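The next block holds one structure in the form of structure tokens; read it before the comments.
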Amino acid sequence: DAGVTQSPTHLIKTRGQQVTLRCSPKSGHDTVSWYQQALGQGPQFIFQYYEEEERQRGNFPDRFSGHQFPNYSSELNVNALLLGDSALYLCASSLYRASGANVLTFGAGSRLTVL
Amino acid sequence: SQQGEEDPQALSIQEGENATMNCSYKTSINNLQWYRQNSGRGLVHLILIRSNEREKHSGRLRVTLDTSKKSSSLLITASRAADTASYFCGRYSGTYKYIFGTGTRLKVLA
């Protein structure tokens, strides 16, 4: 049973460019969340997608946008890249439960370096 | 900013010793979860404790929850070099936003 798959693993961009990161959730999961993790910090919530809609968003500017497809896979897009966007981007999938006892399954992450 | 904080920020122990790390939070919870992260990879779920539970065990892991103090602790007994990792507590902030603290970096020396 495949877990969460993220691509690309590593990428280097320059300031002002745009980047798209991709995530395939664990089989059976319907919800995808994206996190940004700077070096030495905890993961910061960017947003969550469920039923192809953004359900909640963290404190990130509109330069960060996403999409969820009918097969539950997801993309994270970042426009007008800044040096401060350099981080590990983590995708986490889960199966929605109204009880809130949702266990997240994480991918290995996409390491973005902005020069 | 993070709404959960782990302490200590870093912990270094000898193999075989016990490691204890703590997590504090600010608002009410339905459950709290602990995750482990090895060297810049994805987080791995360790254990979930519900708000009506006070203690939970899983192998060498023991988690306690004190909702009156808004705190939780993770105890790893008989630590091994392979336990070297960062440990995060996570919880819901609002309905869908799942947040993590700053983490405890554990180093187990062989």
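Numbers restart at 1 for each chain; the letters A, B, ... are given by sequence-line order, proteins then strands. Bear in mind the structure is a predicted one, so any value in this text is a computation, not a measurement.
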Has R60(B) got more than 12 heavy atoms of other residues, nucleotides or ligands less than 6.0 Å from its CZ? yes

R41(B) side chain reached by L90(A) side chain, heavy atoms, under 4.5 Å: no

Give the intermediate values and the outcome of side chain to side chain donor-acceptor pair (under 3.5 Å) for residues Y92(B) and N102(A). CA-CA 10 Å; Y92(B) 277 99; N102(A) 308 315; 2.8 Å; yes

Atom CZ of R54(B) with >12 non-hydrogen neighbours under 6.0 angstrom: yes

Counting neighbours of CD on Q14(B) that are heavy atoms of other residues, nucleotides or ligands and sit closer than 6.0 Å, is the number greater than 12? yes

Let me know if Y96(B) has heavy atoms under 4.5 Å from chain A in its side chain, its backbone, both or neither. both

Heavy-atom neighbours of R63(A) CZ exceed 12 at 6.0 Å: yes

Does L39(A) have more than 12 heavy atoms from other residues, nucleotides or ligands lying within 6.0 Å of its CG? no

Run the ring-centre check on F100(B) versus F45(A) and record whether the distance is less than 6.0 Å. no

Step by step, would you call Y35(A) with I99(B) a side-chain contact (heavy atoms from CB on, under 4.5 Å)? CA-CA 9 Å; Y35(A) 290 84; I99(B) 62 173; over 6 Å; no

What is the distance from atom CZ of R57(A) to atom NZ of K97(B), rounded to the nearest 0.5 Å? 11.5 Å

Can you tell me how far apart OH (Y98(B)) and CD (Q56(A)) are? Round to the nearest 0.5 Å. 14.0 Å

Would you indicate whether the side-chain heavy atoms of L104(A) and L43(B) approach each other to under 4.5 Å? no

Distance col, row F106(A):CZ vs H45(B):NE2, nearest 0.5 angstrom, shows 10.5 Å

Where on Q9(B) is there a heavy atom nearer than 4.5 Å to chain A: the side chain, the backbone, both, or neither? neither

